[in-house]
J.: 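Take this structure, written in structure tokens, and hold onto it; I'll ask about it next.
Just so you know, ligand 1 is whichever comes first in the structure, and atom 1 is the first atom listed for that ligand. Counting begins at 1 with the first residue of the sequence.
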Amino acid sequence: MDHFLYRDGALYAEDVPLSEIAASVGTPFYVYSTATLERHFKLFDDALEGIDHLVCYAMKAASNQAILKTLAALGAGMDVVSGGEYARAKAAGLTGDRIVFSGIGKTRDEVRMALTGGIRQFNVESEPEMQVISEIATELGAIAPITIRVNPDVDAKTHAKIATGKSENKFGIPISRAREVYALAASLPGLKVIGIDVHIGSQLTDLAPFEAAYLKVAELTEQLRADGHEISRLDLGGGLGIPYERSNEAPPLPADYGALIKKCVGHLGCEIEIEPGRLISGNAGLMVSEVIYVKSGEDREFLIIDGAMNDLIRPAMYDAYHDIVPVIEPAAGTLRQPYDIVGPVCESGDTFAKGRDMPPLKAGDLVAFRSAGAYGAVMSSEYNTRPLIPEVLVKGDQFAVIRARPTFDEMINRDTIPEWL
Ligand code: LLP
């Protein structure tokens, strides 16, 4: 459930008509609903009630400071994967003990930054990385809390580009080698092994792969404890999917996911962390765009809109489906017609949907892309020198620009000319 509903024939974000935001900030833009962000965070937090836990929002999904502050105020931790994200978490007011550092290629600078600024744990992905963390911690006179990310060789049954839990993927340490790698960790100075980490992929729409992975982690916990390691924390990753095509998708709910976690690992007495990104921000955000032209092709109608692949790359990159709805609600019984919905970028890949049934639309009409709050704004670029589009946050009847659209001068002036030119 989200807070983008039609009211009196127009689409609203909470209590604000989208047309009012469009008139104020121009199109295209991203808009997020505070109530939906909060609701989704609480769903996870409530799902783990009864066990010691921390929900660490994977900010790679949407990392605007206003979004981070909204979630931090509810007690969220953050999962970060770069120095930039670590700095964002700190800037949003999080203390190090609520920041988890994931990712397979942490640089020395990033490790130093996190050890100096404070960190809840590093999720270590390889032996060379472990050596580096040990070395830097020793140099700083610090102790680095770590988990080791294991790769459980489980098929997440999701898009190949976002599956991470099979042995062919670059992530984690093969679970079959885990005991040997934990032994190495225990022998290195500057490290404190506290637990196990696993993340098998994103947009999972079935609980079975989670179950397979978590049962393997439970078994490993017992083996490692028998080997003498203190395993007190399990980071179970993110990945729970959302309904992109609402008319025919119903992925499992956070409550079911929480029950599964309790069933698989609840008996171990570990503190549980999860790292959801998409489910928290995905359906809490829309991209709103205006129709520039309706163009008749030989055998189809093109809806040319002012949003493009640089603003929302998921359809071009993953053939992802997004519901696209008119901002003015069509009257009951309005006949729909198929459109190819495309952006202005000079690539055929700049296509959001083919043959999508929509009510008749004309230049100047607004359309909203649903489920665009995760991996939307954060993956956008300035390709074709198109400015990054603004982000807007709504709370009740208020809205605020939380990232402004840069001017052309601001974009151009980021370039510098060598003195010989
Ligand atoms: N933890 C780790 C270690 C991750 O790699 C990810 C996502 C998450 C948590 C959060 O997963 P989520 O709950 O959001 O599924 N750009 C792609 C998605 C890439 C996901 C990468 N890792 C997309 O637009 O679908």
Side-chain angles (χ1 to χ4, degrees), residues 30 37 40-41 43-44 47 54-63 67 71 76-82 85 89 99-106 120-126 129 147-152 156-166 169-173 196-207 209-210 213 234-244 251-254 257-258 261 273-285 287 309 311-322 352 369-381:
Y30 280 103
L37 286 166
H40 290 164
F41 174 81
L43 286 175
F44 279 114
L54 184 66
V55 178
C56 295
Y57 170 62
M59 74 159 77
K60 61 167 75 69
S63 56
I67 293 176
L71 296 171
M78 301 279 157
D79 173 54
V80 306
V81 291
S82 68
E85 287 195 349
I99 307 174
V100 169
F101 209 134
S102 299
I104 65 161
K106 301 173 198 80
R120 180 177 177 82
Q121 96 225 9
F122 291 100
N123 292 333
V124 174
E125 298 236 10
S126 67
E129 183 197 22
T147 71
I148 295 175
R149 177 167 175 183
V150 293
N151 183 324
K157 300 208 162 46
T158 183
H159 191 285
K161 285 188 183 159
I162 52 175
T164 56
K166 286 287 283 171
N169 302 129
K170 65 184 179 183
F171 300 95
I173 279 168
I196 308 176
D197 171 45
V198 70
H199 170 78
I200 56 173
S202 193
Q203 185 54 17
L204 273 71
T205 52
D206 181 2
L207 290 181
F210 285 120
L234 300 178
D235 181 336
L236 300 175
L240 191 60
I242 61 173
Y244 277 99
L253 302 174
Y257 175 67
I261 289 177
E273 279 167 9
I274 52 171
E275 302 168 350
R278 190 188 311 264
L279 203 145
I280 291 181
S281 58
N283 282 330
M287 182 179 81
M309 63 190 289
D311 304 312
L312 177 64
I313 203 172
R314 302 191 69 260
M317 191 153 174
Y318 313 111
D319 292 321
Y321 179 99
H322 284 264
F352 291 114
F369 286 67
R370 290 195 183 271
S371 313
Y375 307 112
V378 285
M379 292 180 78
S380 57
S381 76

J.: Identify, by atom number and element, the atoms of ligand 1 in contact range of R149, meaning under 4.0 Å from any of its heavy atoms.
T.: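 Going through ligand 1 atom by atom, the ones under 4.0 Å from R149 are 3 (C).
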
J.: Hey, are T147 and D235 close enough side-chain-wise for a donor-acceptor pair under 3.5 Å?
T.: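 Looking only at side-chain atoms, T147 and D235 do not form any donor-acceptor pair under 3.5 Å.
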
J.: Number the atoms of ligand 1 from 1 as they appear, then name those within less than 4.0 Å of a heavy atom of R314, with their elements.
T.: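 By the 4.0 Å cutoff, the relevant atoms are 23 (C), 24 (O), 25 (O).
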
J.: Does H159 come within less than 4.0 Å of ligand 1, judged by its heavy atoms?
T.: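 Contact check H159 vs ligand 1: negative.
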
J.: Specify side chain, backbone, both or neither for A61, according to which of its non-hydrogen atoms lie closer than 4.0 Å to ligand 1.
T.: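 Neither part.
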
J.: Run the ring-ring contact (aromatic ring centres under 6.0 Å, His included) test against Y318 and tell me which residues pass, sequence neighbours left out.
T.: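 Applying ring-ring contact (aromatic ring centres under 6.0 Å, His included) to Y318 gives H159.
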
J.: Output the list of atoms in ligand 1 that are nearer than 4.0 Å to some heavy atom of E275, sorted by atom number.
T.: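 What qualifies from ligand 1 is 1 (N), 2 (C), 3 (C), 8 (C), 9 (C), 10 (C), 13 (O).
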
J.: Whether the H322 and R314 side chains hold a donor-acceptor pair (N or O, under 3.5 Å, no angle test) is what I'd like checked.
T.: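 Side-chain D/A pair, H322 to R314: present.
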
J.: Check L236, N123, V81 against E275 for a side-chain contact (heavy atoms from CB on, under 4.5 Å) and give me the one that passes.
T.: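 Looking at L236, N123, V81, the match for E275 under the side-chain contact (heavy atoms from CB on, under 4.5 Å) is N123.
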
J.: What are the two closest non-hydrogen atoms of A89 and V80, and how far apart are they?
T.: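 Closest approach of A89 to V80: CB-CG1, 4.2 Å.
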
J.: To the closest 0.5 Å, what do you measure between CD1 (I173) and CD1 (I196)?
T.: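 The CD1 atom of I196 is 11.5 Å from CD1 of I173, to the nearest 0.5 Å.
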
J.: As an exercise, identify every atom of ligand 1 less than 4.0 angstrom from a heavy atom of P276.
T.: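 Near P276, meaning under 4.0 Å from one of its heavy atoms, ligand 1 has 13 (O).
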
J.: Under the side chain to side chain donor-acceptor pair (under 3.5 Å) rule, what do S102 and D79 come out as? Steps first, then yes or no, please.
T.: CA-CA 7 Å; S102 299; D79 173 54; 2.6 Å; yes

J.: Could you list which atoms of ligand 1 come closer than 4.0 Å to a heavy atom of A58?
T.: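 Checking each atom against A58, I get 8 (C), 9 (C), 10 (C).
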
J.: Between ligand 1 and R278, is the shortest N or O to N or O distance under 3.5 Å?
T.: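 Checking ligand 1 against R278, an N or O pair does fall under 3.5 Å apart.
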
J.: Heavy-atom distances under 4.0 Å decide this one: backbone, side chain, both or neither, for H199 against ligand 1?
T.: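 Under 4.0 Å from ligand 1, H199 contributes side-chain atoms alone.
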
J.: Hey, is the main chain of E85 close enough, under 3.5 Å, to the side chain of K60 for a donor-acceptor pair?
T.: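 Such a contact is absent between K60 side chain and E85 backbone.
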
J.: Report yes or no: does a heavy atom of G237 sit under 4.0 Å from some atom of ligand 1?
T.: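 No heavy atom of G237 comes that close to ligand 1.
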
J.: Does some non-hydrogen atom of I162 fall short of 4.0 Å from ligand 1?
T.: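 Flag set, I162 near ligand 1.
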
J.: Please work out, at 4.0 Å between heavy atoms, whether the side chain, the backbone, both, or neither of D79 comes within that distance of ligand 1.
T.: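 The answer is the side chain.
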
J.: Which option wins on minimum heavy-atom distance to atom 7 (C) of ligand 1: M59, K60, M317?
T.: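 Looking at heavy atoms only, the winner is K60.
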
J.: Taking it one step at a time, do Y57 and F41 satisfy ring-ring contact (aromatic ring centres under 6.0 Å, His included)?
T.: CA-CA 8 Å; Y57 170 62; F41 174 81; 8.7 Å; no

J.: State whether the shortest distance between N or O atoms of G239 and N or O atoms of ligand 1 falls below 3.5 angstrom.
T.: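 So ligand 1 has an N or O lying under 3.5 Å from an N or O of G239.
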
J.: Ignoring hydrogens and angles, state whether a donor on the side chain of S202 or R278 is under 3.5 Å from an acceptor on the partner side chain.
T.: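 Indeed, the side chains of S202 and R278 share at least one donor-acceptor pair under 3.5 Å.
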
J.: Taking both backbone and side-chain atoms of S202, is any N or O found less than 3.5 Å from an N or O belonging to ligand 1?
T.: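 Yes; the residue has a nitrogen or oxygen that sits under 3.5 Å from a nitrogen or oxygen of the ligand.
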
J.: I need the atoms of ligand 1 closer than 4.0 Å to a non-hydrogen atom of Y318, numbered in the order shown.
T.: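 Those atoms are 16 (N), 17 (C), 23 (C), 24 (O), 25 (O).
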
J.: Can you sort out which atoms of ligand 1 are near G277, meaning under 4.0 Å from one of its heavy atoms?
T.: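 Heavy-atom distances to G277 below 4.0 Å select 12 (P), 13 (O), 14 (O).
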
J.: Under 4.0 Å between a side-chain nitrogen and a carboxylate oxygen: does that hold for K106 and E125?
T.: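 No, no charged N to carboxylate O under 4.0 Å.
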
J.: Taking atom types as modelled, find out whether S371 and N283 have a side-chain donor-acceptor pair closer than 3.5 angstrom.
T.: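 A pair is found: one side chain offers a donor N or O, the other an acceptor, under 3.5 Å apart.
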
J.: Identify, by atom number and element, the atoms of ligand 1 in contact range of G238, meaning under 4.0 Å from any of its heavy atoms.
T.: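 Going through ligand 1 atom by atom, the ones under 4.0 Å from G238 are 9 (C), 13 (O).
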
J.: Using a 4.0 Å heavy-atom cut-off, which part of M379 comes near ligand 1: side chain, backbone, both, or neither?
T.: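 For M379, only side-chain atoms sit under 4.0 Å from ligand 1.
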
